[in-house]
Each structure stands twice: as C-alpha cells, then as structure tokens.
Novice: 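Before anything else, here's the structure in question.
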Amino acid sequence: MQEPQPTTRPQAVIAGAGPAGLTAAFELLSRTRVKPVVFEATDTIGSISRTVNHNGNRMDIGGHRFFSKSDRVMDWWSERMPGKDPVKEDRTLLKRNRVSRIYYLRKFFDYPVTLSLRTLRNMGLGRTVRAGFGFLKANFHKLPEDSLENFYINRFGRPLYNLFFEDYTEKVWGVHPSKLGADWGSQRVKGLSITAIVKDMFAKKFSRKEDNSKVETSLIESFIYPKFGPGQLWEAVASDVSAAGGDIEMQTAVTAVNVDAASRRVVSVTVRGQDGLEKTVPCDYFISSMPLRDLVAAIRGIEVPAEAARVARELPYRDFITVGLLVDQLAIKNTTKLETYKNRIPDTWIYVQERDVKLGRIQVFNNWSPYMVRDNDSTMWIGLEYFCNEGDWMWEMSDKDFIDMAVRELRHIGIIGENTEIEDSVRIKIQKAYPAYHGTYYQLDAVKDFLNSIGNLYCIGRNGQHRYNNMDHSMLTAMETVDAIASGTSSRDAIWNVNTESDYHETAASGSGSADTPAASAKN
C-alpha cells in the first residue's frame, strides 16, 4: 500500500529579489514542489541589475553585458526573453557590439589595452619602451602574488600597471592595490595578460569566426541585451514567478532568522513590512542573498561563535553613486572605424583614468540600447559612476551639489563642452554595491563554516557570499542551490565554489554589472 502523499507544499523563504533570489524562485517552481516566498527590502526588482526609469530615460545601474560561457545561463536568459512569442513581444534580446575604452591623458585607449599603433602613439615612445622592458622583466622575475598589485605586475609589468591599473583600482576600491587580495584579480581578470591579448589579436586577424569558448571573457566583442535594460528581464522573471504560484513581497525586510537549536535548521524568519509591522513566516528552507554582515547579525535561537560574528560584522563593502545626465551632445566624437548613429562615439562605457577627477566610469545608454532613451535622435543619456563609502563626503553631498560637481568634472576633462545643454539629471546611491577583498574577508571561512552548519540555510549571490560575482555567477549559485535541494544533497561546496574553481575560471561567465579595473571585464 502506498503511503499518502503530503497535502502541503514545502516552503522556501528567499531573501532578496535580485538575480540570485529570482533565479532560485523560478528554478524551485520549475523543478521541485517547493513554494518560494521572496522578500525584497526595497521597492525595486533586480537589485543592482535593475533598470531605473527617470522621466522616460532608462539607466542600467552598473552596466550589465548579457554574456556567459555557461550554456545553462545563456539558455535560461533566452528562454525567459523569447522575442518571437506574441504574448511576450516586448521581451526582445538585442545583439550589441561590445565597445569599451579607457580615457587617459585626454585620449582614448583600447580596452583591454591592445598593442595597436594607436595605443603606442597615444602612449608615446618613452612610455612604450618602458612598458616593453617592464613586461620582459615581469616574465623573468615573478613577484609573490600576495596582493592585487603584484598580480597585475606579473601579468603586465610595472609600467603598464602604473599607467592603467594602480590609480583606477584605488579610485574604485578606496584602497591601494598593494592592500587588496590577489584572488580578486584571479577571479575577475582570470587569464587576461599581455600574452592573452597578443594571442587574441592574432586569432582575430587570421580567424574568420570568433569562438567565444576560446576567448578570454574580457576580450569578448559582442553580447545580448534586453531591449529596455537588465531590469526588464528580472521584472519578467518576477512576473513569471508570481504567475506560477510563488509569492513576492516588496518593501519587506528579513529582520530575524529563527533557528531551532536542536535540529540546527531555520524554522522561520521574521520580516518587517512597509507599515513597520513584523510577522513570522515558517519555512522549510531559507535561501539568503542578504549581505553576510546582515545575515549573521539576524540569526536567533543559536549562539553565533564570537569569531564568526566579528568577521561578519567587519566585512568591508564599497558603495556606489551614479548620476544620470541628459545632454544635447557630447564634445567627444567618433574617431573609430565603426559606423555609428549620427557619428556618435560607439562606447557602451568609458573607463576614466584621469587622475584629476573622481569620476570612475561613463556609461552611454544610447549605445546599450536606443530604446533606453526617450529621444534617441536628439539627446545623449549618460551615466557617471562614482565609488565611495557610505557616510563619506561624496555620500553626504546634496544631490544638487553632487550633480554640479559631476558636470564640472565632465567639462574639465573635455567630455562635454561649456555650452553643452544639460536637459535633465538624477542622482542614485547604491549601498553595499561591491563586496571588498580586504580586512576580514580573509577570515571568511569562519563565517562560512558556521552558516554551513545550519542544515537548510543556503547563501547565494554577490552579497550573499561576499564575492564579487558577475550576474551569471550569482545565477549559478542559485541554480546549484536548487540542485542541492532537489537531490537532497547536504554539501554546500558546489554553491560556494561557483567562480572559484579552475574550471569556472576557464569556462564560466561574464554577464555582469561591476566596477572593474580596466583589465577586468564587467558591472556585473
């Protein structure tokens, strides 16, 4: 006689409606009987991968190229955004050319740096000779890779490191590269080096077709992109999750994670809604994309080891400010061989290496997708990215003062002219945008070991693992989590190892939104 089947479905509470959380919810509905209940603390879907709509002009926060060397992720994106489905006709994926350059010495350099005549001419004879000798020295005298600085020097030589990595990295992270861990470079830059760049140049010269499986992530030349920005995909996924029976509650933050001491399992979470009222929600699984700092502080019912609590409490983050600026035109013109609309610059983003401004990167939203701009014919819609720490002088500036500073910096370095008309502007602040690789990051195992001891708790996503993952890596952590739940596997190794094992370095992804150094593809 068969045993009666349970009439109630298991329930998974998911903290966060970003790429990781929504991927987990969708996968649970597609492959298990588990019902997902997603709690998002903010009023927006997609976390840093959202699209902001300001007066009809859309902003991609951080810049997200949809490209992955994981077929699982590429197929997932394509299935969620079927362009030929009449019911979902607006879910169109565009194919875009990836053009990014470095702006330094008031000139454009290819990104990643190539050995083209234009690069050598822009660098000048003296810098070029020093760079060549520096690269040769780095090949014969390897430094111990105990810092990001040494990681870059070993691959590019000290002169190129000083030119293209040192100042920009410190601008992004607020910490000198000698104080940052080399594993950030191994994770984000992967196999990129002068040698890889030379091989790529020859491959493109003598090969008719680009084989993305053989190309370093930072050298990929095209990507797909949702018609109305990355948030369009995540809003579509959220809609599909709700239609399939999952719950998504916005402006509802997880304030406590209640663990049963005897079983060492999460039995419920406490959440606080927009009205300030709290409620307790039972769960069979808890999947967290919360920052590890917040997750550990929220655990109730069992004692958190002192070392794990300290490490989590002191984990460093880098915050982010972007300014959307609508202008009639840019002062810089297209000097590339690429044909562009109205001869505008072709770049999706520009890395600003100039040392006399705080500006880190410029996005040109017209080039991500013309549908991002309300009036693509007569206006340029750009995003100006700044990296800061919550509470510092940039964070505390008023919106008006900050936007005025951003406009002054653009004029100072010649991106816009004195007579350029500023038609609209907006400032957006993002907390904990980038988990940082210094401080207690190097004691993170104490936190992981403690969290792994809680039987039904899974950490996913960028902040959920305190790892500077691209968007597709965050999705893969969610997919691995659902794999574990579906198979009954207790090990968390496959989840934590996304984008850390050698096979991921060689074959995994770069669909991202990130604030990379110019060598590291974004983000992220």
Novice: Between Arg106 and Glu354 (salt bridge meaning N to carboxylate O under 4.0 Å), is one present in this structure?
Specialist: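 A salt bridge is present here (some side-chain N lies under 4.0 Å from a carboxylate O).
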Novice: Show the nearest heavy-atom pair for residues Phe165 and Leu160, with the distance to one decimal.
Specialist: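 Result for this residue pair: CD1-O, 3.5 Å.
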Novice: Taking salt bridge (Lys or Arg N to Asp or Glu O under 4.0 Å) as the test, write out the residues that go with Glu145, two or more places apart.
Specialist: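 Counting only residues at least two positions away or on another chain, Glu145 forms a salt bridge (Lys or Arg N to Asp or Glu O under 4.0 Å) with Arg155.
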Novice: Kindly indicate, with the supporting measurements, whether the criterion side chain to side chain donor-acceptor pair (under 3.5 Å) is fulfilled by Arg318 and Asn389.
Specialist: CA-CA 6 Å; Arg318 191 69 163 157; Asn389 292 325; 3.1 Å; yes
Novice: Would you mind telling me which of Phe67, Trp368, Phe66 makes a ring pair (Phe, Tyr, Trp, His ring centres under 6.0 Å) with Phe223?
Specialist: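 Output: one option passes, namely Trp368.
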Novice: State which residues pass side chain to side chain donor-acceptor pair (under 3.5 Å) with Glu396; sequence neighbours excluded, sorted by chain then number.
Specialist: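 Once residues adjacent in sequence are excluded, Glu396 has no partner under the side chain to side chain donor-acceptor pair (under 3.5 Å) criterion.
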Novice: So which atom in Val323 and which in Met59 form the shortest heavy-atom distance, rounded to 0.1 Å?
Specialist: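 Scanning both residues, the minimum pair turns out to be C-CE, 4.2 Å.
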Novice: What are the two closest non-hydrogen atoms of Thr336 and Pro346, and how far apart are they?
Specialist: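 Heavy-atom minimum between the residues: OG1-CG, 3.8 Å.
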Novice: Keeping to residues at least two apart or across chains, list the salt bridge (Lys or Arg N to Asp or Glu O under 4.0 Å) pairs with something in residues 423-432.
Specialist: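 Found Asp399-Arg427.
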Novice: Excluding sequence neighbours, so at least two apart, what forms side chain to side chain donor-acceptor pair (under 3.5 Å) with Asp404?
Specialist: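 Listed in chain order: Lys400.
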Novice: Tell me the closest heavy-atom pair linking Gly360 and Lys171, and the distance in Å.
Specialist: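 It is CA-CD, 3.8 Å.
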Novice: Does Asn463 have any side chain to side chain donor-acceptor pair (under 3.5 Å) partners at least two apart in sequence or in another chain, and if so, which?
Specialist: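 If we apply the side chain to side chain donor-acceptor pair (under 3.5 Å) test to Asn463, skipping adjacent residues, there are no hits.
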Novice: Identify the two heavy atoms, one from Met372 and one from Trp381, that lie closest to each other, and give their separation to 0.1 Å.
Specialist: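 Scanning both residues, the minimum pair turns out to be O-CD1, 4.2 Å.
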Novice: Asn122: which residues meet the side-chain contact (heavy atoms from CB on, under 4.5 Å) condition with it, sequence neighbours left out?
Specialist: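 Applying side-chain contact (heavy atoms from CB on, under 4.5 Å) to Asn122 gives Lys107, Phe109, Arg118.
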Novice: Considering only residues two or more places apart or on different chains, which pairs with a residue in residues 401-429 satisfy ring pair (Phe, Tyr, Trp, His ring centres under 6.0 Å)?
Specialist: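 Applying ring pair (Phe, Tyr, Trp, His ring centres under 6.0 Å) to every pair that reaches into residues 401-429, excluding sequence neighbours, yields Tyr386-Phe402.
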Novice: Answer yes or no: is there an ion pair linking Arg80 with Asp75, defined by an N-O contact shorter than 4.0 Å?
Specialist: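 Judged by the 4.0 Å cut-off on N to carboxylate O distance, Arg80 and Asp75 do not form a salt bridge.
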Novice: Taking distance alone, no hydrogens or angles, what donor-acceptor pairs closer than 3.5 Å link side-chain atoms of residues 19-27 to residues at least two apart or in another chain?
Specialist:
unit_1	atom_1	unit_2	atom_2	d
Thr23	OG1	Pro19	O	2.6
Glu27	OE1	Arg31	NH1	3.1
Glu27	OE2	Trp76	NE1	2.9

Novice: Just to verify, what does Arg101 make a salt bridge (Lys or Arg N to Asp or Glu O under 4.0 Å) with, not counting sequence neighbours?
Specialist: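 Testing Arg101 for salt bridge (Lys or Arg N to Asp or Glu O under 4.0 Å), a comparison that skips the adjacent residues, returns Asp347.
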Novice: Checking Ala436 now: which residues fulfil side-chain contact (heavy atoms from CB on, under 4.5 Å) with it, not counting sequence neighbours?
Specialist: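 Per chain and number, Ala436 pairs via side-chain contact (heavy atoms from CB on, under 4.5 Å) with Trp173, Pro316, His438.
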Novice: Please name all residues satisfying side-chain contact (heavy atoms from CB on, under 4.5 Å) with Phe133, sequence neighbours left out, ordered by chain then number.
Specialist: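 Val129.
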Novice: Which heavy-atom pair separates Leu476 from Val498 by the least distance, and what is that distance?
Specialist: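 Shortest heavy-atom separation between Leu476 and Val498 comes out as CB-CG1, 3.9 Å.
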Novice: Quick one: side-chain contact (heavy atoms from CB on, under 4.5 Å) partners of Glu40, sequence neighbours excluded?
Specialist: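 Ala17, Thr42, Met250.
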